Amino acid sequence: MPTQYTPADVEGPLYERWVERGYFAADDKSEKPPYTIVIPPPNVTGSLHLGHAFEHTIIDSLTRRKRMQGYEVLWQPGMDHAGIATQNVVERELAKEGKSRHDLGREAFVERVWQWKAESGGQISGQMRRLGDGVDWSRERFTMDEGLSQAVQTIFKRLYDDGLIYRAERIINWCPRCLTAISDIEVEYQDDEGELVSIRYGEGDNAIVVATTRAETMLGDTAVAVHPDDERYKHMVGTEIELPLTGRRIPIVADAHVDPEFGTGAVKVTPAHDPNDFEIGQRHDLPAITVLDEHGVITAHGPFLGLDRFEARSAIVGALRAEGRIVAEKRPYVHSVGHCSRCKTTIEPRLSMQWWVKVAPLAKAAGDAVRDGSVKIHPEEMEPRYFAWVDNLRDWCISRQLWWGHRIPVWYGPNGEIVCVGPDEEPPTGEGWHQDTDVLDTWFSSGLWPFSTLGWPGQTPSLEKFFPTSVLVTGYDILFFWVARMMMFGLYAMDGTPPFHTIALHGMVRDQFGKKMSKSFGNAVNPLDWMDAYGADALRFTLARGANPGTDVPIGEDWVQGSRNFCNKVWNATRFALMNGATVEGPLPAAEQLSAADRWILSRLNSTVAEVDALYDDYQFAKLTDALFHFAWDEVFDWYVELTKSTLAEGGPAADVTRRVLGEVLDVTLRLLHPITPFVTETLWTALTGGESVVIAEWPADSGFRDAVAEREIELLQQVITEVRRFRSDQGLKPGQKVAARLTLEGTSLVAHEGALRSLARLTPAEEGFHATATLPIAGATVALDLSGAIDVEAERKRLSKDLAAAEKELAQAEAKLGNEAFVAKAAPAAVDKIRGRLAKATEDIERLTAQLEALPKA
RNA sequence: GGGCGCAUAGCUCAGCGGUAGAGCGCUGCUCUUACAAAGCAGAUGUCGGCGGUUCGAAUCCGUCUGUGCCCA
């Protein structure tokens with residue numbers, strides 16, 4: 001075995017072997033209890049980024065542990081078709097050839113998208129193998145697959161028949177670049193610099209001033225609205241004024257929605273281009289005049305025809321200024337503006353006919369499932385956010401003016417007929433019948449993911465075995481986008497059974513300074529680079545160690561390097577064990593045969609198993625990973641392995657016992673680490689145990705073995721060794737330098753550990769002519785050292801004085817507390833006892849340190 | 001504008017009522033035969049400010065300041 005672990009040599013072959021042997025395949029017919037997690041489907045256009053790596057590390061560790069615990073595990077892989085994103089990618093490809101999708105026509109274009117997917121889509125699947133994801137590849141699904149498309153059509157039909165899907169003309173969020181409607185949550189608001197202009201409508205006494213950031217829409221104004229109680233305008237309500245530039249006469253209406261405090265208290269009303277105005281228009285039966293086309297270009301006849309909306313804005317303000325109608329201008333005026341989440345283009349509210357889901361009853365059920373505890377959100381602090389959203393949900397616009405996606409299964413007849421066609425029905429044919437040209441929102445299909453991937457609407461054995469799924473692991477950022485949709489659809493389609501019982505939310509990956517990673521900021525990291533440099537395990541370990549529930553995880557290269565060092569440390573400790581004949585053969589020797597060190601480490605091992613188990617069940621990945629890190633490094637590697645050295649060197653039956661315990665400790669530790677660092681543990685575990693694979697090994701169970709006496713005994717030993725080392729270090733001795741020492745250990749538990757003490761503190765026996773130049777009293781024992789010459793008295797005086805000062809401070813604090821009658825009377829007895837113990841300890845320390853100081857030769 | 005968080009060692013974060021912790025970084029000394037991707041030892045904090053509750057507050061409450069996110 002080389003002295004360094006080289007991940008690149010083992011990771012690829014190990015993964016292929018796992019897949020070939022079918023470890024990750026989920027069996028419908030298994031008798032084992034099921035454990036199911038569906039992958040949050042990555043976008044078919046995407047490649048693996050740190051966010052995926054993070055999420056997959058969490059899911060993989062959960063599923064690997066459950067597999068080891070004897071569950072029939074299904075980690076369901078797949079991708080979604082990402083309607084807008086994918087169509088954009090292929091349209092850009094076409095543009096390079098000088099073509100648009102319209103040149104190809106719908107059918108050929110969709111064919112072209114499939115071709116693109118076959119050639120360059122789904123890169124992420126290959127990259128997931130690098131990470132070690134234990135998914136069942138034989139079950140990989142895509143939202144546009146035949147079966148999943150059937151599921152979409154089925155649920156559409158069912159919702160339609162139940163009156164939960166309807167068609168209506170409303171204001172929607174329109175992206176003039178993607179040329180499609182998008183839903184409310186696909187709009188990102190940000191503060192932009194715009195302008196607020198105040199325009200005088202009408203003349204003389206009959207004039208009224210309105211303020212707007214969107215002057216260009218004034219061409220479509222059909223009213224001016226004021227608050228009904230606004231005394232300034234009461235007399236004008238019901239009258240008409242002339243709309244500038246157009247000559248049209250529009251009414252002044254009173255509407256409670258108007259904020260009298262904003263601007264002049266009068267607003268222009270453009271029902272076709274603003275959601276609030278649309279509602280005002282409905283209440284007052286106003287016409288809606290569309291003045292912008294799908295590209296955001298002015299369609300109103302006149303001098304502005306053909307101008308883009310932003311050009312039109314300044315042109316119209318200019319024209320109004322020329323007429324002397326601009327009363328005030330505020331520029332820049334910072335206000336919140338909606339942008340397309342896909343392409344960042346400013347959203348254009350647009351009046352159009354779309355399909356909608358009536359969400360109220362669905363959202364109610366989705367909220368209730370969490371409220372009544374049938375679904376738990378981890379961490380709980382995220383619940384209010386979920387409720388706030390789900391309880392105030394507006395109807396969901398599901399139609400998209402795209403070609404790539406699930407086409408809406410509705411046919412229109414020559415006489416205005418509308419027929420929704422189910423998956424087993426034939427669409428109407430004949431003269432004048434045609435299908436709706438729109439497709440459905442991608443989230444509509446991914447909302448079915450937890451059961452459509454299992455074969456629903458068919459009553460398949462997979463659905464039977466693996467639904468409902470166990471846990472949903474996803475980022476809090478898509479709680480609304482995806483989780484809520486799965487809850488709504490799942491409860492509806494599966495007769496009230498939620499699609500999962502637990503939602504475990506994680507945060508976003510950030511850079512080492514806690515900054516959001518972004519390509520434009522230049523701090524984005526390709527996880528593949530780090531895996532190349534440090535191994536998949538190192539990346540996984542780093543991510544797991546940062547995974548506090550629901551909070552963001554910062555990551556930097558230094559940290560991955562640190563994790564790589566940890567993996568290497570595990571490698572070398574196991575290497576040591578193998579070189580020294582550690583074994584897992586035969587039963588563990590009975591407690592009477594074990595040394596104190598053996599009993600101590602086995603006690604700590606079992607405590608660690610219990611601790612890690614509890615933390616896993618609570619989705620506390622950072623804590624459990626940290627617990628494993630410290631147990632492995634600080635206890636097993638730094639102390640237990642060191643303690644075995646003297647025993648192993650002595651040989652005999654004691655060494656055999658130690659070899660067995662060492663084998664046991666490493667076996668269990670490797671199994672505990674396996675879900676987080678699968679590759680290095682597989683390599684080492686198979687070498688150590690000769691077993692087939694740690695992937696299918698049994699998850700460690702707490703044997704219940706505890707030994708508080710041994711724990712105290714080893715702690716004392718550690719304390720003495722550290723004390724001697726500290727003295728040596730203070731005295732400037734080289735670490736390897738042997739020092740003659742006379743040990744007086746009688747009456748303490750250290751008697752049995754003289755060998756270990758001498759070996760770890762580098763102390764040789766006192767021989768002829770031994771002359772103690774320093775004496776260290778520690779915990780009832782003394783260590784006398786012969787430094788063969790003068791010791792550094794000043795260094796020692798400094799050290800002792802510092803410790804004395806600390807002990808005196810401690811004493812003073814304890815005395816003050818115990819002198820406080822209220823404390824003694826009211827505090828818990830255990831707390832008081834603790835302080836008394838501290839007082840005693842401090843008193844002892846002061847005596848000892850004072851004596852040592854006095855014993856020092858005078859300078 | 002509304003809501004939710006967060007402010008703890010140089011950096012990133014745990015701790016959330018009873019003596020301040022981790023990783024990385026830092027300072028010494030070492031290639032001591034598992035490991036220099038390491039070992040040993042060490043230093044570092046009025047726990048954002050101000051009030052309050054309590055015998056006792058980093059931890060609970062109020063308030064201010066700073067900062068982040070979500071929604072409108």
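To find a chain, count down the sequence lines: A is the first, B the second, and so on, and within it residues start at 1. What you see is a predicted model, and the numbers here were worked out from it, not measured in a lab.
In this structure, A:R545 satisfies the cation-pi test against A:F629, with its NZ or CZ atom closer than 6.0 Å to the six-membered ring centre and inside 45 degrees of the ring normal.
Applying the side-chain hydrogen bond (donor to acceptor under 3.5 Å, both in side chains) definition to pairs two or more places apart or across chains, those involving residues 815-844 of chain A are A:K841-A:D845.
Side-chain atoms of A:D634 and A:W639 include no donor-acceptor pair closer than 3.5 Å. For the residue pair A:Q561/A:Y534, the side-chain donor-acceptor check at 3.5 Å is satisfied. Judged by distance alone, the side chains of A:Y640 and A:D598 do bring a donor and an acceptor atom under 3.5 Å apart.
Across B:G21 and B:G62, the matching C1' atoms stand 29 Å from one another, rounded to whole Å. On the C1' atoms, B:A7 is 15 Å away from B:G15, given to the nearest whole Å. Atom name C1', nucleotides B:G17 and B:A34: the rounded distance is 45 Å, in whole Å. With both ends at atom P, the span from B:U44 to B:G52 equals 32 Å, rounded to whole Å. B:G18 and B:C60 are spaced 14 Å apart, taking the C1' atom of each and rounding to whole Å. Separation of the C1' atoms belonging to B:A9 and B:A14 is 13 Å when rounded to the nearest angstrom. Between B:C13 and B:A58, the distance separating the two C1' atoms is 15 Å to the nearest Å. Atom C1' of B:U59 sits at a distance of 11 Å from the matching atom of B:U8, rounded to the whole Å.
Judged by closest nucleotide on RNA chain B, A:D638 is the one of A:N820 and A:D638 placed further toward the 5' end. For A:S729 and A:D184, each mapped to the nucleotide of RNA chain B holding its nearest heavy atom, the one lying further toward the 5' end belongs to A:S729.
No N or O donor and acceptor, one from the side chain of A:R726 and one from the base of B:A41, sit under 3.5 Å apart. A donor and an acceptor atom never sit less than 3.5 Å apart when one is taken from the side chain of A:Q4 and the other from the base of B:A36. In the interface, the side chain of A:K645 is paired with the base of B:A34 through a donor and an acceptor atom under 3.5 Å apart.
The A:K516 side chain lies nearest to B:C69 when the options are B:A37, B:A22, B:C69. Taking every side-chain heavy atom of A:A828 into account, B:G18 is the closest of B:C35, B:C11, B:G18. Side-chain proximity of A:T3 to the nucleotides B:G23, B:C35, B:G42 is greatest for B:C35. Checking B:A14, B:C71, B:G23 against every side-chain atom of A:F480, the shortest atom distance belongs to B:C71. Checking B:G39, B:G23, B:G18 against the side-chain heavy atoms of A:W633 singles out B:G39 as nearest. The side chain of A:K569 lies closest to B:A38, out of B:A38, B:U19, B:C40. Checked against B:A34, B:U32, B:C69, the side chain of A:R385 finds its nearest nucleotide in B:C69.
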Dot-bracket assigned to RNA chain B with the 3.5 Å Watson-Crick/G-U criterion, [ ] for crossing and | for other-strand pairs, is ((((((((.[[[[.)..(..]]]].(((((.......))))).....[[[[[..)....]]]]]))))))).
For A:R371 and A:D391: C-alpha separation, side-chain torsions, deciding distance, then whether salt bridge (charged side-chain N to carboxylate O under 4.0 Å, His left out) applies.
CA-CA 11 Å; A:R371 262 185 283 269; A:D391 295 342; 3.1 Å; yes
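The number of heavy atoms from other shown groups lying within 6.0 Å of NZ (A:K344) is above 12.
If you look at A:H506 and A:Y476, their ring centroids are not closer than 6.0 Å.
Between the CD atom of A:E723 and the P atom of B:C40 there is a distance of 16 Å, rounded to whole Å.
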